[in-house]
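Below is one structure; the comments refer to it alone.
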Amino acid sequence: MCTIRERASRRAACVPFAIFITRRASTIRAMEGRDHRKALAQGLGALLVLASASGTLLHSAHKPLDAATARIIADTGRSQATEAKEFGHLRRAGWLPDGVAAVHLHQLRKQVSRNEDKRRAHAR
Amino acid sequence: MNKILEIFLGILTAMGGFVEIGELTFMLNAGSHFDYRLLWVIALGTVGIMVYGEISGRIAAVHGQPVFNVVRERAGLRLGLLTLVAATLVCVLTCAAEIGAIAMLWQLASGWPYRGLIALALLFFLLVVWALSFKAIERVFGLLGLFLCVAAVVAWKLHPDFGRVTAGLVPSLPSHDRMLYAYYVVALLSSVMLPYETYFYASGAIEDAWTPRDITLNRVIVIVGFTLGGLLGAALLVTGAEYFAPRQIEASLPGTVLLPVASELGQAGVWIMLAGMFFAFAGAAIETALSSAYNLAQFFGWPWGKHRKPREASRWTLAWIAAFVLAAAIVMTGVDPIRVVEYSIVFSVVILPLTYFPLMALSRDRETMGAYANGPIASTLGWAYFVLISIAAVAAIPLLVLTHGGEG
């Protein structure tokens, strides 16, 4: 189930895709007119738009933030747990961009599981 | 007027290029573990890098010789080759860590997959180093790295206790974790005095065609630029002590540093910090990859430098491309970039004496350096630091093992 916020963010991502398609078309037109400088600028613009669109989509594809935080806190009692709590707190207060907080928690979760694997291997 | 502008830009570039991922995490964690007790190491290391930076820049300006020409000439083939292999390994490892950290930063901003971003970062570096001149690379990444000054604003806003800050400038042993404290002393000293900074600085002086007339420029840049860089490092340690220590958080990811920034400066601060980290880490990645190529070319006598066309310095060009590819391949395996940089910093200290002994030997030689040979201050400081880094080099590996890689 995705939240209203996630649905809205996916819809918002469609806008840059639409711009990308129109820019791509105008890039091809510029190429055909042999205006290479304009074509290059248009192409770069199109790539930037595509990058931001994919970024928005991938950000919204991450697991809901609070669930990710809860899992890290459940996984470990060490510094990562406090870090996850702080990130959650600052994100809710609106001081951290949602996407940045989501990806950081994702990176943190991966690190915690990697550390756990290492600890288990040592114990064995 | 041009000279003043050049000095000003040189200072800012030296300051902006001072911090990289290893220094960032070590400074934060040093503050988090030991409060202000390790501030003296930053001061000590900053003076050390000034001393050797000044000597290497002076040799390049007067004698036209970069570091590894001197190493080959003064240390002989065997010891020189050992230094070359170790220095190249450390440079490639540091470059790998910077590329990994950049991929993590880009992932924070975009949400794209990590390995894809490593490939993108590799492509970015190959294009940038191929297309831009030496001056442009140095200025763009050095100056834009100054976005990191936001860390100093954060440290100021955390209201550090200046009594404790001053006390931190005097060495004192903590009552707990003394072995870990010793490990941090060695690691912080190494992170401030990373050898690639001298390789790159001296090679850059030759790229910029310095002459004895640039000796003053050299002195002002290393003294003022590195002092400001050291202050930036100290600001990170203060942040570690004031924000991370009470919460018992250890910085283990580049994004962790965003916590105090967001808490003090909000979203705008976060984006500025991300930009600052990107340019600082990218600058370090380029410096380490180019340093590997500089070292190889200078040791074996190949033509080198960005001032030459790639066709005229083909082996040097291939060497920096190979350094980037190898570094990207290392982080592509999934190894943790922070772990990589921790090891590379500790191993760096081992090669410091091997690099600096030949420099000291040449810089005091009046026959070669003439009126520009070491004076009493440079000689005393140079040899004092040589003894210090030799002790640190001997202690580095045992401390790494005894503290389980700094985990206590």
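What you see is a predicted model; the values in this text were computed from it and never measured. Lettering of chains follows the sequences in order, A, B, ..., and the numbering in each one begins at 1.
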Next on the checklist: Can you tell me how far apart CD (B:Q267) and CZ (A:R91) are? Round to the nearest 0.5 Å.
Outcome noted: 11.5 Å
Checklist outcome for this item: Bottom line for A:L90: the part with an atom under 4.5 Å from chain B's heavy atoms is side chain
Item to check | Interatomic spacing from CG in B:D336 to CD in A:Q111 - rounded to 0.5 Å | outcome: 5.5 Å
Next on the checklist: Nearest 0.5 angstrom please: B:R247 CZ to A:E83 CD, how far?
Outcome noted: 12.0 Å
Checklist entry - From A:E86 CD over to B:F244 CZ, what is the distance, rounded to the nearest 0.5 angstrom? => result 9.0 Å
Item to check | Nearest non-hydrogen partners of A:V103 and B:G111, listed with the distance | outcome: CG2-CA, 3.9 Å
Item to check | Choice from B:V270, B:V261, B:L258, B:L259 maximising heavy atom contacts with chain A below 4.5 Å | outcome: B:L259
Checklist outcome for this item: When rounded to the nearest 0.5 Å, the distance separating OG1 of A:T82 from CD of B:E250 is 11.5 Å
Checklist entry - Is chain A contacted by the side chain of B:S32, its backbone, both, or neither, given a heavy-atom distance below 4.5 Å? => result neither
